[in-house]
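Here's the structure, in structure tokens; my notes come after.
Please read all numbers here as calculations on a predicted model, not as lab measurements.
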Amino acid sequence: MLNRLPALARFLLALVAIDLAMLVAFRVVFWVAFRETLAGASWEDLARAFYLGSKFDLRLALLLCLPLALLGWIPFLDPARRPAARVGWLAYLAAAQCLVLLLYFVDFGHYAWVRVRLNASLVDHLTPVGVAARVAWETYPILPGVLGLALLTGAYAWVAGRAARRCLAPASNPFTKWPKRAAIAALAALVVAGIWGKWSRYPLRWSEAYFSASEAVAALALNPVLFLTDTAENRNLPYDADKVREHYAYTAALLGVKGPDPGKLDFARYVTPPRKPAARYNLVVIHLESFAAFKSGTFGNRLNATPYFDAIAKQGLLFTNFFVPEVPTPRSVFEMLTGVPDVNPTTTASRNPLIVNQHTLVNALEGYEKYYFLGGSATWGNIRGLFTHNIPGLHVFEEGDYDAPQVDGWGVSDVVLFDKAQQVLGKEKKPFFAFIQTSGNHRPFGIPDDHPGFELAQVDAKVLAENGFDGLAAYNGMRYLDFSLGSFFAKVRQSPAFKNTVFIMYGDHGNPSTRQTPWQELLLTGYHVPCVIYAPGLVKGGARVDFTASLTDALPTSLGLLGVPYLNTALGRDLLNLGPGDRHFSMIGFNGVLDDEFYFRLDPGGPRLFRYRSETGAEDVHQRYPEKLADLQRLQEALYETSKYLLYHNPARPHAAEARRKEERR
């Protein structure tokens with residue numbers, strides 16, 4: 001069958017096989033060379049790393065041959081018809097493989113030095129060129145390496161040349177016209193599938209390699225050439241250590257760091273909550289997609305889109321001036337888990353391979369089973385790496401784990417998502433942490449055709465606009481999210497674990513309002529979200545907190561309620577244990593900060609100040625309050641520069657006894 005394929009197709013198949021064999025061989029060599037780093041890895045993790053790595057290798061092999069696959073069919077570029085074209089393509093292939101081999105050589109040296117696979121930060125080590133060249137000459141076997149590179153490139157060129165002579169010869173019994181076209185179409189589909197890498201709406205991404213908490217296992221799964229390109233857009237160092245140091249004493253005092261050290265720029269502090277509940281409480285985080293505060297009845301909306309949430313808010317602890325530092329959704333997920341505002345400049349932090357290793361307070365819940373529920377794919381936003389790499393033993397439920405069809409591109413409905421979470425958590429015998437991430441309240445606002453107990457509403461467009469909704473679909477999407485939440489709590493209240501569970505619910509971000517209120521003029525409706533802690537066993541119902549708070553504070557506050565000690569290394573604080581002199585604030589975007597009265601924003605035209613809670617909240621008053629302007633400008637710059645720094649300096653650390661001893665020694 002293969003001998004009947006067109007000559008170019010046979011040649012391409014041979015080249016892909018040769019390239020893949022070479023790349024897999026390098027992966028085996030990497031494993032042998034650095035086996036000591038993988039000594040603690042299970043055979044299951046090693047097998048999965050090799051499996052994922054082979055998929056990355058196949059993608060690289062296909063990409064290397066892609067120019068030939070796309071252009072080789074043109075008559076004057078066809079290596080089967082034109083000897084000159086054959087020579088040219090063999091030269092290209094040899095040059096490409098020489099570059100790949102060079103990158104692998106550099107990768108081995110890079111990993112031996114810093115235990116990190118080759119990435120775009122390498123460029124920063126190449127300047128000044130003279131110093132870099134001297135260090136390389138004195139550190140690495142350059143001459144043997146060059147000789148080895150030449151020999152391997154020559155060997156590859158020889159093998160590729162032999163493959164060309166055998167594969168590019170005319171077929172003895174070629175396919176006829178239509179079978180030939182069908183075979184080419186099938187091969188093209190296989191090439192696309194191989195580059196895509198998985199049967200999913202999302203392609204194979206670097207975050208798949210971070211399925212384990214082990215950095216060494218992730219390194220084994222990565223392909224250094226592809227990882228180099230994946231990290232290219234994040235190459236420029238996005239923080240200024242001198243500016244962080246300039247504000248360090250101020251920021252450390254703001255966060256309550258007991259032993260500040262300007263040399264180390266460390267913001268770690270060990271926290272022992274005063275509350276000591278009798279039982280080990282479960283913690284369930286409910287991430288409410290696009291839940292703008294102004295759309296809920298709790299905040300005065302007259303359309304009654306959220307009756308179930310409003311009832312829970314009355315029974316729990318409501319934070320009325322709660323803000324997310326940044327949008328969209330991946331940034332909020334990152335901020336919730338890490339306590340660091342996502343100010344990654346080029347893309348969301350979860351998509352930046354250079355900062356996948358992060359400290360999270362979730363791991364302070366020692367002895368807890370940990371769960372993540374998402375209706376779609378955890379590959380979305382490369383969020384898988386953030387969760388699975390930083391929370392050991394995490395149980396992930398995503399697309400394919402639900403006995404229901406997907407409603408839209410975001411996955412199954414929120415009712416199905418909550419039902420699955422309730423079923424799984426209801427069977428859990430140990431204390432547990434669960435992160436439930438809804439996604440239905442998002443364009444296209446998919447609602448299943450079969451939705452018992454829920455009826456689509458019909459509301460006049462003018463009434464919708466008067467209440468801030470930009471359409472009927474958005475209104476019903478909000479209603480269905482609320483209905484899902486109500487269905488979930490109707491069931492979990494019957495569970496024995498309910499009385500020992502803390503639920504924290506928050507909107508992941510807001511939305512623009514169709515009403516031109518002062519907050520909409522300031523775009524604060526996109527950051528203002530509700531946050532409710534619902535724990536009848538611990539929190540008195542009907543309580544409110546009206547001071548300004550931030551999503552980064554959510555986990556410290558939750559652990560404080562649970563009475564769990566933790567090592568905090570980021571910006572979040574326990575909102576229920578702030579002292580009388582502690583400031584209330586939230587970052588807003590890359591250029592703003594709020595306190596309880598003022599909103600400071602550093603615009604391109606200069607700093608601006610707004611009394612955002614007043615009736616004239618959109619009026620710039622910076623000239624009337626110069627001292628407040630200077631105060632908040634300092635706060636904004638300190639938080640912003642520290643956040644940029646912490647993205648790269650917040651690695652996982654021990655939480656319990658060891659952390660406490662270190663804190664006591666300091």
Practice prompt. Starting at CZ of R608, measure out to CG of L522 and round the result to the nearest 0.5 Å.
Written response: 8.0 Å
Discussion item. Determine whether E428 and Y368 satisfy the following criterion, side-chain contact (heavy atoms from CB on, under 4.5 Å), listing intermediate values before the conclusion.
Written reply: CA-CA 10 Å; E428 181 57 67; Y368 280 56; over 6 Å; no
Discussion item. Check for me whether the distance between the ring centres of Y248 and F267 falls short of 6.0 Å.
Written reply: yes
Practice prompt. Using a strict 4.0 Å threshold on nitrogen-to-oxygen distance, state whether D266 and R653 make a salt bridge.
Written response: yes
Worksheet entry | Full working for side-chain contact (heavy atoms from CB on, under 4.5 Å) between H395 and F397 | CA-CA 7 Å; H395 306 286; F397 289 83; 4.2 Å; yes
Worksheet entry | Validation row: L576, L317 side chains within 4.5 angstrom (heavy atoms) | yes
Item to complete: Please list, chain by chain and in numerical order, all residues satisfying side chain to side chain contact (heavy atoms under 4.5 Å, CB included) with V362, sequence neighbours excluded.
Response: L337, T360, K370, I391, F433, L555
Worksheet entry | Proximity of F227 and F56 rings by center, below 6.0 Å | no
Worksheet entry | Minimum heavy-atom distance L562-L283, with the two atoms named | CD2-CB, 4.0 Å
Practice prompt. Would you check if R245 and L265 make a side-chain contact, meaning some heavy-atom pair closer than 4.5 Å?
Written response: yes
Worksheet item: To the nearest 0.5 Å, how far apart are CZ in F503 and CD1 in I436?
Response: 8.0 Å
Practice prompt. Take V343 and M587, measure what side-chain contact (heavy atoms from CB on, under 4.5 Å) needs, and give me the verdict at the end.
Written response: CA-CA 10 Å; V343 292; M587 285 185 63; 4.1 Å; yes
Item to complete: Measure from the side-chain N and O atoms of N591 to the backbone N and O of R601, and report whether any donor-acceptor pair falls under 3.5 Å.
Response: no
Item to complete: Taking T231 for its side chain and N119 for its backbone only, find out whether a donor-acceptor pair lies under 3.5 Å.
Response: no
Practice prompt. Check V217 against A41 and note the closest heavy-atom contact, atom names and distance.
Written response: CG2-CB, 3.6 Å
Discussion item. One thing to verify: whether K644 and E637 come together as a salt bridge, which I'm taking to mean a side-chain N less than 4.0 angstrom from a carboxylate O.
Written reply: no
Worksheet item: Does N321 use its side chain to pair, donor to acceptor, with the backbone of F547 at less than 3.5 Å?
Response: no
Worksheet item: Is there a donor-acceptor contact under 3.5 Å linking the side chains of N382 and S207?
Response: yes
Worksheet item: Taking the six-membered ring for Trp, is the centroid-to-centroid distance between Y648 and Y239 below 6.0 Å?
Response: yes
Worksheet item: Can the ring centroids of F435 and H287 be said to lie less than 6.0 angstrom from one another?
Response: yes
Worksheet item: Take atom CD in E36; do more than 12 heavy atoms of anything else shown fall under 6.0 Å from it?
Response: yes
Practice prompt. Determine the minimum heavy-atom distance between R583 and D631, stating which atoms define it.
Written response: NH2-OD2, 2.9 Å
Worksheet item: Do any N or O atoms from the side chain of S350 and from the backbone of G381 form a donor-acceptor pair under 3.5 angstrom?
Response: yes
Worksheet, complete the sentence: Heavy-atom nearest pair, T569 first then L646, reads O-CD2, 3.8 Å
Practice prompt. Measure the shortest side-chain to side-chain distance between P565 and Y270 over non-hydrogen atoms and say whether it is less than 4.5 angstrom.
Written response: yes
Worksheet entry | Check: S550 side chain, S586 main-chain N or O, donor-acceptor pair, under 3.5 Å | no
Discussion item. Is it the case that the side chains of T501 and N282 hold a donor-acceptor pair, with the cut-off being a distance below 3.5 Å and no angle test?
Written reply: yes
Response to the item:
Here the pair of heavy atoms bringing D574 nearest to G560 is OD2-CA, 3.5 Å
Discussion item. Salt bridge or not between D595 and R613? Use side-chain N to carboxylate O under 4.0 Å.
Written reply: no
Fill in: Donor-acceptor pair, side chain of H649 and main chain of Y645, under 3.5 angstrom
yes
Practice prompt. State whether F211 and R48 meet the cation-pi test: NZ (Lys) or CZ (Arg) under 6.0 Å from the six-membered ring centroid, and within 45° of the perpendicular axis.
Written response: yes
Discussion item. Looking at every non-hydrogen atom in both residues, tell me the closest pair between S212 and H389 and how far apart they are.
Written reply: O-ND1, 2.6 Å
Worksheet item: Does the pair R384/E208 count as a salt bridge with the N-to-O cut at 4.0 Å?
Response: yes
Worksheet item: What residues form a side chain to side chain contact (heavy atoms under 4.5 Å, CB included) with P536, not counting sequence neighbours?
Response: F498, Y534
Worksheet item: Is the side chain of H442 donor-acceptor paired with the backbone N or O of E289 at a distance under 3.5 Å, no angle test?
Response: no
Discussion item. Test side-chain contact (heavy atoms from CB on, under 4.5 Å) on T348 and D342; report intermediate values, then the result.
Written reply: CA-CA 7 Å; T348 62; D342 182 357; 3.8 Å; yes
Practice prompt. Please check if any side-chain donor atom of N441 sits under 3.5 Å from a side-chain acceptor atom of S290, or the reverse.
Written response: no
Item to complete: Run the ring-centre check on W519 versus Y612 and record whether the distance is less than 6.0 Å.
Response: yes
Worksheet item: Can you tell me if Q358 and N390 form a side-chain donor-acceptor pair at under 3.5 Å?
Response: no
Discussion item. Could you check whether any side-chain N or O of T525 sits under 3.5 Å from a backbone N or O of N511, counting only pairs where one atom can act as donor and the other as acceptor?
Written reply: yes
Worksheet item: Going from CG on L417 to CG on D401, what distance comes out if it is rounded to the nearest 0.5 angstrom?
Response: 11.5 Å
Item to complete: Count the heavy atoms belonging to other residues, nucleotides or ligands that lie under 6.0 Å from NZ of K264, then report whether that count exceeds 12.
Response: no
Practice prompt. Find out whether W206 and L226 are in side-chain contact, i.e. whether some heavy atom of one side chain is under 4.5 Å from a heavy atom of the other.
Written response: no
Worksheet item: Parallel, tilted or perpendicular: which fits the ring planes of F309 and F291, with parallel below 30° and perpendicular above 60°?
Response: tilted
Practice prompt. Check whether NZ of the Lys or CZ of the Arg R117 lies under 6.0 Å from the centre of the six-membered ring of F30 and within 45 degrees of that ring's axis.
Written response: yes
Practice prompt. Mark yes or no for whether R115, through its side chain, and Y111, through its backbone, hold a donor-acceptor pair below 3.5 Å.
Written response: yes
Worksheet item: How about F600 and F610: are their ring centres within less than 6.0 Å of each other?
Response: no
Discussion item. Using ring centroids (six-membered ring only for Trp), state whether H528 and F322 fall under 6.0 Å.
Written reply: no
Worksheet item: Can you check whether F488's main-chain N or O pairs, donor with acceptor, with Q422's side chain at less than 3.5 Å?
Response: no
Discussion item. Among D546, D553, D596, exactly one meets side chain to side chain donor-acceptor pair (under 3.5 Å) together with H584. Which residue is that?
Written reply: D596
Worksheet entry | Side chains of Y210 and E215 in contact at under 4.5 Å (non-hydrogen atoms) | yes
